[in-house]
Amino acid sequence: MRPTPIVGPDSRFGGLTTATASCLRGNDDGLSGAMRRPYFECMGSADHPSEIPAPYEPVSLEAKWRARWAELGTNVADIPNAARPYYALMMFPYPSAEGLHVGNMFAFTGNDIFARFQRMQGLSVFQPLGYDAFGIHSENYALKVGVHPAEMIPRNIANFRRQLERGGLMVDWTRSLSTTDPEYYRWTQWVFLQLYKQGLVHKKAAAVNWCPTDKTVLANEQVVAGACERCGSVVEQRFLEQWFFAISRYSERLLANLDSLDWSETTKTAQRNWIGKSEGAEIWFDGIKVFTTRPDTIFGATYVVLAPEHPLVDAHTTEEQRAAVDEYRERASRRDLVSRKTSKDKTGVSTGSTVTNPATGEQIPVWVSDYVLMEYGSGAIMAVPAHDERDLEFAHGFELPVKKVVHEDDTLIESGEFTGLTVHDAKRAIVGSLAAKDKAAAVTNYRLHDWCISRQRYWGPPIPIIYCDDCGVVPVPEKDLPVLLPMIEDFKPDDSGISPLARHDEWYRVPCPTCAKMARRETDVSDTFLDSAWYFLRYPNVGNDSVAFDPDVTKKWLPVDSYIGGNEHAVLHLLYSRFVTMVLHDAGLIEFDEPFTKFRAHGLIIREGAKMSKSKGNVVNPDEYIEAWGADTFRTYLMFLGPFEEGGDFRDKGISGVRRFLDRLWASVRDSSPDTAPDAEVDRKLHATIRKVGDDIPRLSYNTAIAAMMEYMNVLRKNDRVPRRAEVESLVQLVAPFAPHLAEELWEQLGHSGTIFDSAWPTFDPALLATDDVDIVVQVNGKMRGRLRVTRDADESIAHALAMADTSIAKFVSGTPRKIIFVPGRLLNIVV
RNA sequence: GCGAGGAUGGCGAAAUUGGUAGACGCACCAGCCUUAGGAGCUGGCGGUUAACACCUUGGGGGUUCGAGUCCCCCUCCUCGCACCA
């Protein structure tokens, strides 16, 4: 460490900055008022070249440090040799043609701050970033603008890369990836084959959600209230042969493991609800098996309802009712899911037959209605109008008997031998009694369905399967991967339900890997969510094309230490990633069965109180702000908006306050002197700030960390005080995760060599924070009446005596106090 | 309907265990400096009041010496799921 030179600004600042020649004034710069460059950047212009010191000029300064980081490999992790590996992951973006969204920047900056902080704690941080570039989104956009996605995506990626680099992220770009790279999706196909080997992949003709606009099958998760989540079209039912992953077999494990994960509680709750475990019973009403979670209400069951698709409908339909039932089933099959799933008007038809209620022995009618879903439970229910709103509504609509109530509060009534039992006890007793007669069994149902991964589209990894007339379904041998996605021009999907790849027999006709006879490739591609369900395993292995992931590297770096992303992926992506990880674990390929040790969801950025949208024209373009204010200011402002996990309101005027803070930091270092006398108040504040910032960053409370640094700055610069060098040096380190370029520059100005991110995070002296005197609050009857400065170890009697000596407090106290509450070092409450 | 989260000055927001409500910032006001100021510095800034004081964290009740924080009821907002038996 060499002393700060106290000479002219030029030598102190290494001649880096020259005054901005073209200071932007007026409105001719085309930017809004709030976006205009601060006037003071013009200081040091030709008018006063020598008196006014070099200003903080972020644009050139940031370019300098971007170049230096790239040159020195500052952000590159030592994958094979890192001593204390720390994997800080953020969800990779879809590289849209519109460029980086401010929401991406917000999320990435939040991760970057945490990553840089961890590095300054001495960890070897690996922070990769890639692109989730396959999928309907790209394909639809490509169709819209008439460009091939294979041409569009690399362009978008180049633009994203440029924007991301300008954001100053500590990303290891030597290990980036795009899901569209054959070197990547080769292994996506390999993952498919591993699941196949585990017997977790099956093909079945299934009623699927078909989007008539996007002309593709959608996963249940992609259907929102009966409509396509992407385009909003009403989803139709179709029957197609689809590949499924048996994620439902992992329901219980996916649910149970949640308890031990360090994830946001909201995310865990969303997963629990999605898995939707419900414990109940299957009960036989003669030949019909119903599922119920309320076997205790069986004495109130007055009819049975079958889903229209239920295979037993025919068998239970009488001759008189056959025509009506067939007509109803036909109508129901065409009925779109929106009205079926959201309409409250219940439709249905009687089968004309009856079955026996196994608890009462009564004959009760069997009906068919589409308010009962074939996909859930057994596709049949016992209806209890007295205790179920839907059943009641149906019963009213069709004038079915609305039988007796069988509960009074928590106790069963009119329930035969079970009358008097509590609901809890009755559930068990009734199921037990019926089970003894082979008429019931306790079962657990999950809402989670198998994952349909087939997409009748072009822009995705071809599913590595070959159909041979002789050998049947043959998985593509691993040595033959990747199955390359061919470059075709007519990639537009049609209404056939068959992938565009099926139009290219030169592609899909291949020899069977087993018997060499001509066979056909599967022409569907896989769901984008498969691409993203394992990408975290690939990052540390990028460059190694002989395996998907090397066991030693994987053991060293995974599971991911911390993961940050949007809560819109709370269910889909995070659940699928957990599933794939469990399967790879069970196959003996990795040693852990949960991919993300810690997950935090970031919040959303709105603008001036409203959601950002292209149609409203209020989208924040990061480029413009970085241009006008610098990436450091932009980053710090994004983090200052509000709590990271809640998001915040981007208000154009607010950014100036953050810029002012960084300007003052610049000036403080410039003006600092080794000769300034130590100041106890400043020292105390510094150490309190070191503690505060160090506490806040790990809990992602970035807004309060920044506020604390601002407070310190206010103390440091009070009345234009000249700071001591040591006082600013620590502050530069605290600011570094937020404003990395500026911090590097100031660190260099302060005489250090090497990156500031290899310096050790400053420590605080607890002794300095434990002062001899403390302020305690004095209350009378709980109302604040004053405060006292007492010694740290002052007891109740001393504090009381001091309080009574203070007339402004004593005047509220008449007579003898009834009670005195004393919290040492905190407060004295006199109750009269 | 179910689930989760939220409501604090003109605005964005703080308040880590129940213990000074409004830190920090924006905007605004005043002063200093200045040829000039969209720079910098200093001070002010929830409401009522001349003042003492009183009121104030969506509304109402409660627990407590003391409640933004805990409990009960209600209103509104955001997000997720939704005929899941």
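Throughout, a chain's letter reflects where its sequence line sits, starting with A, and its residues are numbered from 1. Computed from heavy atoms alone, side chains included, the values below leave out hydrogens, waters and symmetry copies.
Between A:Asp663 atom CG and B:rC41 atom P the separation is 10 Å, expressed in whole Å. In this structure, the CD1 atom of A:Ile606 is 14 Å from the P atom of B:rC11, given to the nearest Å. In this structure, CD of A:Glu711 is placed 12 Å from P of B:rG22, rounded to the nearest angstrom. A:Lys718 has its NZ atom 16 Å from the P atom of B:rG40, to the nearest Å. Between A:Asn829 atom CG and B:rG19 atom C1' there is a gap of 9 Å when expressed in whole angstrom units. Distance, A:Tyr702 OH to B:rA23 C1': 21 Å, rounded to whole Å.
Residue A:Lys692 places a side-chain atom within donor-acceptor reach of the base of B:rU16, judged by atom type and a 3.5 Å distance cut-off alone. The base of B:rC83 sits within donor-acceptor range of the side chain of A:Lys346, with an N or O pair under 3.5 Å. Judged by distance alone, with hydrogens and angles left aside, A:Gln779 brings a side-chain donor or acceptor within reach of the base of B:rG19, the pair sitting under 3.5 Å.
Both A:Glu389 and A:Phe812 lie near RNA chain B, and the one whose nearest nucleotide falls closer to the 5' end is A:Glu389. Residue A:Val777 is the one, among A:Val777 and A:Tyr376, whose nearest nucleotide of RNA chain B lies closer to the 5' end (criterion: closest heavy atom).
Residue A:Thr269 has its side chain nearest to B:rA4 when only B:rC24, B:rA4, B:rC41 are considered. Side chain of A:Phe291, nearest nucleotide from B:rA4, B:rA85, B:rG25: B:rA85. For A:Arg660, counting side-chain heavy atoms from C-beta on, the closest listed nucleotide (B:rA15, B:rG3, B:rG40) is B:rG40. With B:rG40, B:rC65, B:rC81 as the candidates, the nucleotide lying closest to the side chain of A:Arg447 is B:rC81. Each of B:rG19, B:rC52, B:rC24 was ranked by its minimum atom distance to the side chain of A:Phe640; first place goes to B:rC24. Of the candidate nucleotides B:rC24, B:rC26, B:rA85, B:rC26 has the atom nearest to the side chain of A:Ser656.
Crowding of A:Glu389 atom CD: a count of heavy atoms from other residues, nucleotides or ligands under 6.0 Å not exceeding 12.
One C1' atom belongs to B:rA13, the other to B:rG3, and the distance between them is 28 Å to the nearest Å. Rounded to whole Å, the separation between the P atoms of B:rC74 and B:rC79 comes to 23 Å. Spacing of P atoms, B:rA27 relative to B:rC11, comes out at 15 Å, to the nearest Å.
No side-chain donor from either of A:Tyr371 and A:Glu393 sits under 3.5 Å from a side-chain acceptor of the other. Of the N and O atoms on the side chains of A:Ser701 and A:Thr704, at least one donor lies less than 3.5 Å from an acceptor on the other residue. Between the side chains of A:Ser278 and A:Asn445, no donor-acceptor pair is found at a separation under 3.5 Å. Between the side chains of A:Asn714 and A:Arg664, at least one donor-acceptor pair of N or O atoms lies under 3.5 Å.
Contact between the side-chain N/O atoms of A:Arg651 and the OP1/OP2 oxygens of B:rG25 is not found at any separation under 4.0 Å. Not one side-chain nitrogen or oxygen of A:Lys783 sits closer than 4.0 Å to the OP1 or OP2 atom of B:rA21.
Syn is the classification of B:rG9, since its glycosidic angle stays within 90° of 0.
Heavy-atom minimum distance, A:Val728 versus A:Pro723: CG1-CB, 3.8 Å.
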